[in-house]
Amino acid sequence: MKLADHFRIPGVSTRAIKVWQRNKDVFMKDIKLNFLPPFLEPLLYLMALGFGLGKFVESIDGIAYAEFIAPALIAVSVMYASFFECSYSSYVRMYYQKTFDAIVATPLTIEDVIAGELLWGATRSMINAIVMIPVIALFGLIDIRYSLLIIPFAFLGGLLFAAIGMCFTAVTPNIMSLNYPVLLFITPMFLFSGTFFPLSALPLPIQYFAIAFLPLTHIVNVIRSLSFGILEASLLFDIIWVLFVSVLLIVLSINLMRKRLVI
Amino acid sequence: MNKISFTIEEGEVFGFLGPNGAGKTTAMRMIQCVSPLSSGRLEVMGMDVATRHREIKSLMGVVPQENNLDGDFTVYENLLVYARYFDIPRPEAEKRATELLDFVHLLEKRDVMTETLSGGMKRRLVLARALINRPRLLILDEPTVGLDPQARHLIWDKLRGLKKRGVTIVLTSHYLDEVEKLCDRLVVMDYGRILVHGSPAGVIRDFIGSDILEAENHPRLLECLRQREANYEIIGDMVHIYVDNARELSEYLLMECSLSKISARPATLEDVFLKLTGRRLRE
């Protein structure tokens, strides 16, 4: 496959929604279990880091440490939810359960299936944001004015990480190898995207690297601004970056999966 | 796949035969519109697979080689979720799902998860799932592999019932007795080519004759056979003699060549298969 073929716009139909529905139906079967992590995780992190470690941290730009990390927790959850959904979970459905094979015997195409998977990954990110926002608001760590805007943005950010996960799913030789992108890409992002300390604490070249190549940086930036009640023009840069890279990687991931599965 | 050409008539049961790696599954996947053609043309139900794949797939049911039931759902939910891919409205889907579970004798397993089903039950459920859209064309890749005789007979029975209702059936199978029983016409493939096509009886008649005599390999027997210019094949320490009149030759061999052991049986598709594709193990 030539490079240009990787970025050819795939033909996706509205039937993709049926794959989304399938995954939603499975999710709803264990809804209590599925709602627990986004409910519990911010509580644990806020207690340990925000209120525990936070006692020893000076305020950051006049903001209490707990307040500083609270939006980052949402951003990290957005990343984890869709990345893991479209990497490990999609791989299990594709390879072990042969769910995709069964679906492409119906009027759906493999492009529809992957698009449905990506939409569902993004939905999981959004669900996590919906659960986390009130929990964090309960501690008074979020400005409620623009906080609802975080929800659609969580969906967009979710799409981005869903596409990243799906690209790795498309090229991984086996499920164990998915540990590499987690270790080398997701975990560094978790730590170095302005999540637990401001990006400005890092050397300048690394800051530029983070802005150019670590998508979480932009997600953290937008969610943090919104939860501080700040709506400024500079956010447009982050949003356009996320939009552009999302479209690129969605197209790439569908084409890569097509290449892997259509033989 | 190497320049194959075939036509399947509406309402018939058509078999693809061949050793592993012969290209049967690839041919089936092309009919299912999931593997693209590198060249040539393939029409299914009068529609080109390259452009009208969604329409074709909406009129087709598929029983794949590997059971790919949705392990996240119960038996009944598997049918409902699958019906949704075909845009079948929910009430209609529920009605069909119940009818189909009855059809394949799985009503009492309605609410169990699919992994707890036995192999035969899973296969029946896959068949039921393939029928959820009331297909005109049913494709089965090794429909009875690994099943006990009871389950195989049940599947055969269901397939004959579907044929009576006018469903066209295309299948592959390594069980040649199954193919002989079910198929109106068949092709034998190897190395991506079609070697023969015809009805099971016709193919047997053309390539073997009506009967086979089996005798132990013995120099005197071979001499006798050469004298009679018989059509025979040596297989290990046995000799297979392909004949149209088994009685005449066997009497001759017993009398004239003083053979003690010889047995006659009707020729089967398996004999044709082995003759055409050889006895060497594949893969």
Side-chain angles (χ1 to χ4, degrees), chain A residues 1 5 8 10-31 33-34 85 88-117 119-120 124 175 255 257-263, chain B residues 1 25-26 28-38 49 51-74 77-88 90 93 113-115 122 125-126 129-133 135 137-141:
Chain A
M1 200 153 82
D5 292 336
R8 183 169 297 152
V12 174
S13 81
T14 52
R15 289 175 192 267
I17 208 73
K18 292 169 192 298
V19 177
W20 181 91
Q21 283 177 316
R22 181 234 167 249
N23 290 341
K24 184 221 32 164
D25 288 350
V26 177
F27 178 84
M28 297 301 275
K29 287 188 155 213
D30 282 316
I31 187 152
L33 186 66
N34 285 323
E85 185 65 35
Y88 292 95
S89 300
S90 288
Y91 190 86
V92 166
R93 286 191 283 271
M94 168 184 79
Y95 185 81
Y96 294 100
Q97 300 190 173
K98 312 273 178 206
T99 310
F100 299 177
D101 290 346
I103 300 175
V104 297
T106 74
L108 279 79
T109 61
I110 192 63
E111 288 88 345
D112 298 336
V113 174
I114 303 308
E117 291 275 309
L119 285 175
W120 173 247
R124 288 216 60 173
I175 195 159
N255 287 327
M257 282 301 267
R258 192 187 145 76
K259 187 182 163 199
R260 177 177 189 136
L261 293 175
V262 174
I263 37 159
Chain B
M1 201 57 65
T25 299
T26 309
M28 303 278 267
R29 285 174 63 87
M30 287 175 174
I31 299 173
Q32 288 166 42
C33 313
V34 289
S35 286
L37 278 63
S38 53
V49 291
T51 52
R52 297 174 70 185
H53 50 95
R54 283 185 206 273
E55 274 171 274
I56 293 171
K57 290 199 286 182
S58 72
L59 297 170
M60 187 161 63
V62 177
V63 174
Q65 208 170 89
E66 234 175 314
N67 289 332
N68 52 18
L69 294 163
D70 203 326
D72 288 322
F73 292 107
T74 66
E77 287 167 342
N78 255 277
L79 297 180
L80 293 188
V81 171
Y82 216 67
R84 192 162 57 198
Y85 300 136
F86 289 96
D87 284 323
I88 298 165
R90 179 78 183 209
M113 298 301 279
T114 55
E115 70 247 43
K122 280 184 184 155
L125 182 56
V126 173
R129 191 185 65 179
L131 298 173
I132 196 81
N133 57 325
L137 172 63
L138 185 61
I139 297 196
L140 308 114
D141 202 351

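Protein chains get the first letters and strands the later ones, always in sequence-line order, with residue 1 at the start of each.
Across A:Lys18, A:Lys98, A:Arg15, the residue that shares the most heavy-atom pairs under 4.5 angstrom with chain B is A:Lys18. Comparing B:His53, B:Met60, B:Glu77 by how many heavy-atom pairs each has under 4.5 Å with chain A, the most go to B:Glu77. Chain B forms more heavy-atom pairs under 4.5 Å with one residue of A:Val262, A:Val104, A:Thr99 than with any other, namely A:Val104.
Close approach to chain A, defined as a heavy atom under 4.5 Å from one of its heavy atoms, is seen in B:Val81, B:Tyr82, B:Arg84, B:Tyr85, B:Phe86, B:Asp87 of residues 78-88 of chain B, taken by number. Of all residues in residues 89-97 of chain A, those placing a non-hydrogen atom less than 4.5 angstrom from a non-hydrogen atom of chain B are A:Gln97.
B:Lys57 places a side-chain N or O within 3.5 Å of a backbone atom of A:Leu108 that can act as its donor or acceptor partner.
The contact between B:Thr74 and chain A is made by backbone and side chain atoms together, counting heavy-atom distances below 4.5 Å. When heavy atoms are compared at a cutoff of 4.5 Å, A:Leu261 approaches chain B solely by way of its backbone atoms N, CA, C and O. In this structure, chain A has no heavy atom under 4.5 Å from any part of B:Glu55. Only the side chain of B:Asp70 comes within contact range of chain A, with at least one heavy atom under 4.5 Å from a heavy atom of that chain. Only the backbone of B:Leu69 comes within less than 4.5 Å of a heavy atom of chain A; no side-chain atom from C-beta onward does. Residue contact with chain A, scored on non-hydrogen atoms closer than 4.5 Å, involves the side chain of B:Val62 exclusively.
For the atom pair CG (A:Asp101) and CD (B:Gln32), the distance works out to 10.0 Å, reported to the nearest 0.5 Å.
Between B:Arg54 and A:Gly11, the shortest heavy-atom distance links the atoms NH2-O, 4.4 Å.
In this structure, B:Glu66 places its CD atom where only 12 or fewer heavy-atom neighbours from other residues, nucleotides or ligands lie under 6.0 Å away.
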